[in-house]
Amino acid sequence: MRDHRSLSSSVLITKRCIAFRHHYHTSQPDKSTKKPKTNEPTTTTHKVTRKPWEEIPFLTDLKQTEDTEEALSLFHHYQQTGFRHDYPSYSSLIYKLAKSRNFEAVDQILRIVRYRNVRCRESLFMGLIQHYGKTRSVDKAVDVFNRMTSFDCVRTIQSLNTLINVLVDCNELEKARSFFDGAKDMRLRLNSVSFNILIKGFLDKCDWEGACKVFDEMLETEVQPSVVTYNSLIGFLCRNDDLGKAKSLFEDMIQKRIRPNAVTFALLMRGLCCKGEYNEAKKLMFDMEYRGCKPGLVNYGVLMSDLGKRGKIDEAKVLLGEMKKRRIKPDVVIYNILVNHLCSEGRAPEAYRTLTEMQMKGCKPNAATYRMMLDGFCRIGDFDSGLNVLNAMLASRHSPTSATFVCLVSGLIKGGNLDHACFVLEVLGKKKLSFGSGPWRNLLCDLCIKDTGACCEALSEVIST
DNA sequence: CTAGGGTTAG
């Protein structure tokens, strides 16, 4: 019972935020809104630490809108009331639009930006290139890169690296290479990051030789390899069970006075774990400290996930205690390791306690945490708890996969909890999510056994949309 | 901007 409170209170908080936004919204965006009355509890409690840009009313409002259409109309509304937008306005809006994949609107705003001769920062375009990368729109990403100088923006090696990275991630290694080679013509100087990205590209294709060639090229052009360079290579070798070569690279970097960091050791530790040498890995963790490198979250993560994989979750929990003793604050990933393995072993209630614990420690669960937790409850057939997690999840603006939706609805129907099944279906409909006809048929079968009208209506409603 | 413990999607 106690566990449920923290989740439902977060629902309440969100509701308050919405109410607050509504209030703020309807008032006129002139100077009077900038300084709200002091007896308004919302504004005084919400903005204890106020960032400078939050003084700008448009940005304050924009920050609280989730819908892109709403964001756009807000933008135009401010403009009509005589508010003069400047770079912070444009860039925040563009970020928001790009994040929700509304690229037509992005272009539209960019046209205004160019028309008004607003000087743009490089980071804006880097963000855009990355967003196009996520949608695998390679050509659009290249296009942004080519056009950015026309926005009175200085292009540095950072944007080129961003583009090369997007190309590599989109499996366009040849294109990446040609931009890499074109750096000189753009009067940009390749740095270690550029090389590291290319090396990653070859390693992703399991082309060790290719990666080594780039590495040699790096040395020839006198670009110093960094820890990251070595970590990429060592990581690959450890993943592919070549610990011997990894160790010699490790020696190589020390000889070159490039200091290994916590990640380097984590990679080697993982290599050891993969070979079943957990104890050696743990020894290495103590050894690293001796070598002047403090163990961090990554290192504990390696050990904990290895224990988890082998079903020794309780030992992993012991490590959690060890971390706390050493004043290393566990983060989401560490908690997720526990939640993940607890759930897959059918220990969902325990995982749930872990989830509430992390919340109490001020560590916010993320999409993965909620997904694992919800799936975990579905797995053991505790659909009411699952529903509870779903609510918390929605309150923090995350969403389950449609497979999970199916599982949850089906379970609720079978348990005779038709009201809640309807609720979940409505959520599904609102999210405009859907799934194939197979799952629908199964749901209908479940329903037919129970046979009720209300849920049938909900079903057909979702089907029709 | 690059490496990394978990996971993760239309």
Side-chain angles (χ1 to χ4, degrees), chain A residues 100-101 122-123 125-127 129-130 133-136 145 155-169 176 180 188 190-201 203-204 211 214 218 223 225-239 249 253 258 260-271 273 281 285 295-309 316 319 323 328 330-344 365-373 375 398-405 431-435:
Chain A
S100 46
R101 310 266 182 271
E122 187 181 21
S123 54
F125 298 105
M126 286 164 60
I129 291 171
Q130 281 170 329
K134 276 187 196 142
T135 48
R136 311 196 71 84
F145 179 79
R155 207 168 55 182
T156 73
I157 187 66
Q158 287 199 26
S159 346
L160 181 63
N161 285 343
T162 305
L163 179 68
I164 295 174
N165 190 45
V166 160
L167 294 172
V168 160
D169 284 345
F180 182 92
L188 295 175
L190 295 170
N191 60 15
S192 66
V193 178
S194 327
F195 282 92
N196 292 344
I197 295 165
L198 213 54
I199 287 175
K200 179 186 74 169
L203 293 178
D204 285 347
V214 181
M218 198 172 180
V223 174
S226 65
V227 216
V228 178
T229 319
Y230 277 96
N231 286 351
S232 306
L233 297 170
I234 290 174
F236 178 84
L237 293 171
C238 288
R239 274 193 301 276
L249 260 178
M253 72 188 284
I258 297 166
N261 61 16
V263 175
T264 321
F265 286 101
L267 293 164
L268 292 170
M269 285 169 63
R270 203 162 76 109
C273 286
M285 192 168 81
L297 288 166
V298 246
N299 307 96
Y300 279 96
V302 170
L303 295 182
M304 286 175 70
S305 68
D306 185 59
L307 289 171
K309 270 178 218 154
L319 277 182
M323 292 175 69
I328 300 173
D331 68 349
V332 217
V333 179
I334 292 291
Y335 283 113
N336 280 357
I337 296 171
L338 289 175
V339 170
N340 180 23
H341 291 107
L342 286 170
C343 284
S344 35
N366 63 19
T369 323
Y370 287 117
R371 272 178 202 166
M372 293 185 291
M373 198 60 252
D375 288 341
H398 294 299
S399 186
T401 61
S402 46
T404 303
F405 267 118
K431 294 228 163 238
K432 289 175 189 150
L433 277 174
S434 194
F435 33 79

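Residue numbering restarts at 1 for every chain, and letters A, B, ... go by the order of the sequence lines.
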Can you check the [X] [atom1] to [N] [atom2] distance for me, whole Å?
X: Lys200(A); N: dG4(B); atom1: NZ; atom2: C1'; answer: 12 Å
X: Phe195(A); N: dC1(B); atom1: CZ; atom2: C1'; answer: 15 Å
X: Leu303(A); N: dG4(B); atom1: CG; atom2: C1'; answer: 14 Å
X: Leu307(A); N: dG5(B); atom1: CG; atom2: P; answer: 16 Å
X: His398(A); N: dT8(B); atom1: NE2; atom2: C1'; answer: 12 Å
X: Leu203(A); N: dT2(B); atom1: CG; atom2: P; answer: 16 Å
X: Tyr230(A); N: dG4(B); atom1: OH; atom2: P; answer: 17 Å
X: Asp204(A); N: dT2(B); atom1: CG; atom2: C1'; answer: 12 Å

Side-chain touch Val227(A)/Val263(A), heavy atoms, less than 4.5 angstrom: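 With C-beta onward as the side chain, the pair stays apart.
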
Close side-chain approach of Ile157(A) and Ser194(A), heavy atoms under 4.5 Å: yes

Heavy-atom donor-acceptor pair, Asn299(A) side-chain to dG5(B) base, under 3.5 Å: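 Absent.
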
Sugar-phosphate, base or nothing in reach of Met372(A), heavy atoms under 4.0 Å: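 Sugar-phosphate, no base atom in range.
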
Sugar-phosphate, base or nothing in reach of Ile334(A), heavy atoms under 4.0 Å: base

Quick one: is [N] close enough that its OP1 or OP2 comes under 4.0 Å of any side-chain N or O from [X]?
X: Arg136(A); N: dA9(B); result: no
X: Arg371(A); N: dA9(B); result: no
X: Asn161(A); N: dT2(B); result: no
X: Ser305(A); N: dG6(B); result: yes

Considering only [options], which nucleotide approaches the side chain of [X] most closely?
X: Val263(A); options: dA9(B), dT2(B), dG4(B); result: dG4(B)
X: Lys309(A); options: dG6(B), dG4(B), dA3(B); result: dG6(B)
X: Val193(A); options: dC1(B), dG5(B), dA3(B); result: dC1(B)
X: Gln158(A); options: dC1(B), dA9(B), dG5(B); result: dC1(B)
X: Arg239(A); options: dG6(B), dG4(B), dG5(B); result: dG4(B)
X: Ile197(A); options: dG4(B), dG5(B), dT2(B); result: dT2(B)
X: Val228(A); options: dA3(B), dG5(B), dC1(B); result: dA3(B)

Thr369(A)-Asn366(A) side chain donor-acceptor pair, cut-off 3.5 Å: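 Thr369(A) vs Asn366(A): donor-acceptor pair found between side chains.
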
Modelled atom types, side-chain donor and acceptor of Asn191(A) and Asn161(A), under 3.5 Å: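 Short answer, yes.
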
Pairing of Asp169(A) and Lys200(A) as salt bridge, 4.0 angstrom limit: yes

Ring geometry between Phe195(A) and Phe180(A) (parallel below 30°, tilted from 30 to 60°, perpendicular above 60°): perpendicular

Contact nearer the 5' end of DNA chain B, comparing Gln130(A) with Ser402(A):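 It is Gln130(A), whose closest nucleotide lies nearer the 5' terminus.
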
